[in-house]
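One structure is given here, and the rest of the page talks about it.
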Amino acid sequence: MTTDLIIDELKAQAKRLRQAIETRGTAISHSAALELVARQLGVRDWNTLSALATKPNADRVSALCVGSQVRGRYLNQPFVGKVLALAETGGGFHKITIHFNEPVDVVTFESFSAFRQRINAQIDTNGISPRKTSNGQPHLILDIYPRQKS
């Protein structure tokens, strides 16, 4: 997939969003729709999203900021949440605090539950935790757009 196709699809998504909002009686500009698409994908603004789309190997964590909406898997459980804190710790790692929209049950045992709604974790530049569970899966995997196959 080429970079032009990715940007064209993002622009088309913004156009569809703009049309959907206008059918409900609210007019917005195309640039406002582009900004909304970027925020929906957890990126701070359209300029950042388009820059990431043109540099697929760029540091994906740089697309995040405090307040970004993120999704992914925590202890193999899907989540949607908000970034409350993000700091570079050196060595290509970042410390992140995420507040989940809904608490996540982190226990797989049927007769016991342990819910988490706010977590602190360490992630690499791709949004993946270096710490792993006993089955080898990363504790935290963020879906940071755009994630392309090399």
Side-chain angles (χ1 to χ4, degrees), residues 6-7 9-21 24 26 28-150:
I6 294 168
I7 290 177
E9 177 51 36
L10 292 169
K11 287 180 179 179
Q13 184 178 350
K15 184 177 180 180
R16 290 189 302 270
L17 177 63
R18 180 181 180 196
Q19 290 170 344
I21 291 172
R24 290 179 174 77
T26 304
I28 66 167
S29 67
H30 183 66
S31 62
L34 290 169
E35 295 294 327
L36 287 172
V37 167
R39 296 297 292 187
Q40 285 177 326
L41 295 171
V43 180
R44 68 184 92 166
D45 57 33
W46 170 253
N47 289 337
T48 304
L49 180 60
S50 62
L52 285 171
T54 59
K55 295 183 178 185
N57 295 325
D59 177 354
R60 290 187 177 97
V61 172
S62 65
L64 298 177
C65 63
V66 172
S68 291
Q69 292 293 315
V70 292
R71 66 181 63 238
R73 299 186 78 72
Y74 177 67
L75 298 178
N76 209 29
Q77 301 299 317
F79 73 86
V80 176
K82 182 177 181 178
V83 176
L84 297 181
L86 181 65
E88 189 172 348
T89 59
F93 292 100
H94 296 77
K95 180 180 176 186
I96 190 166
T97 301
I98 301 172
H99 183 82
F100 300 144
N101 293 355
E102 299 292 328
V104 172
D105 189 357
V106 297
V107 175
T108 57
F109 190 61
E110 290 180 19
S111 62
F112 177 72
S113 292
F115 290 92
R116 301 284 184 271
Q117 192 160 18
R118 185 172 293 181
I119 62 160
N120 294 302
Q122 182 182 40
I123 55 174
D124 65 15
T125 57
N126 290 314
I128 299 172
S129 171
R131 299 191 68 196
K132 299 188 183 329
T133 61
S134 60
N135 66 0
Q137 295 296 313
H139 284 195
L140 177 65
I141 301 173
L142 296 178
D143 293 333
I144 303 173
Y145 191 87
R147 190 175 293 275
Q148 298 177 351
K149 294 180 181 176
S150 303

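Source: prediction; values computed, not measured.
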Exercise: identify the closest heavy-atom pair between Pro138 and Ser129: CB-O, 3.6 Å
What residue pairs, at least two apart or across chains, pass side chain to side chain donor-acceptor pair (under 3.5 Å) with a residue in residues 28-38? Ser29-Ser31
Side chain to side chain donor-acceptor pair (under 3.5 Å) partners of Arg16, counting only residues at least two apart: Glu9
Test item: Gln69 and Gln40 side chains (from C-beta on) under 4.5 Å apart, heavy atoms: no
Excluding sequence neighbours, so at least two apart, what forms side chain to side chain contact (heavy atoms under 4.5 Å, CB included) with Thr97? Leu84, Ala85, Arg118, Asn120
Identify, with sequence neighbours excluded, every residue that meets side chain to side chain donor-acceptor pair (under 3.5 Å) alongside Arg44. none
Contacts of type side chain to side chain contact (heavy atoms under 4.5 Å, CB included), residue Ile21, not counting sequence neighbours: Leu17, Thr26, Ile28, Leu36
Going through the checks in order, is the side chain to side chain contact (heavy atoms under 4.5 Å, CB included) test met by Leu64 and Leu142? CA-CA 11 Å; Leu64 298 177; Leu142 296 178; 4.0 Å; yes
Just wondering, are more than 12 heavy atoms of other shown residues or ligands nearer than 6.0 Å to NZ in Lys132? yes
Smallest heavy-atom separation, Trp46 atom then Ala38 atom, equals N-CB, 3.6 Å
Residues, nucleotides or ligands: over 12 heavy atoms within 6.0 Å of Glu102 CD: no
Taking every non-hydrogen atom, the tightest pair across Ala33 and Arg18: CB-CB, 3.9 Å
Indicate yes or no for a side-chain donor-acceptor contact from Asp124 to the backbone of Asn126 under 3.5 Å, with no hydrogens or angles considered. yes
Point-to-point distance, once rounded to the nearest 0.5 Å, from CG of Leu34 to NZ of Lys11: 7.5 Å
What is the minimum heavy-atom distance between Gln117 and Asn101, and which atoms define it? NE2-O, 3.4 Å
Measure the OG1-CG distance between Thr48 and Asp45 for me, rounded to the nearest 0.5 Å. 3.5 Å
What pairs with Asn47 under side chain to side chain donor-acceptor pair (under 3.5 Å), at least two apart in sequence or on another chain? none
Minimum heavy-atom separation for Arg39 and Gly67, please, with both atom names. NH2-O, 3.7 Å
Side chains of residues 71-80: which donor-acceptor partners sit under 3.5 Å, not counting sequence neighbours?
residue: Arg73; atom: NE; partner: Asn76; partner atom: OD1; Å: 3.2
residue: Arg73; atom: NH2; partner: Asn76; partner atom: O; Å: 2.6

Partners of Thr89 by side chain to side chain donor-acceptor pair (under 3.5 Å), sequence neighbours excluded? none
Over all heavy atoms of both residues, which pair between Ala114 and Val107 is shortest? Give the atoms and the distance, please. CB-CG2, 3.4 Å
Pairs in or reaching into residues 108-129: which pass ring pair (Phe, Tyr, Trp, His ring centres under 6.0 Å), with residues at least two apart or in two chains? none
Just to verify, what does Ser134 make a side chain to side chain contact (heavy atoms under 4.5 Å, CB included) with, not counting sequence neighbours? none
Side chain to side chain contact (heavy atoms under 4.5 Å, CB included) partners for Glu88, two or more places apart: His94
To the nearest 0.5 Å, atom CD1 of Ile96 lies from atom CD of Gln122 at 11.5 Å
Going by side-chain contact (heavy atoms from CB on, under 4.5 Å), Ile98 matches just one of Ile123, Leu86, Leu140. Which one? Leu140
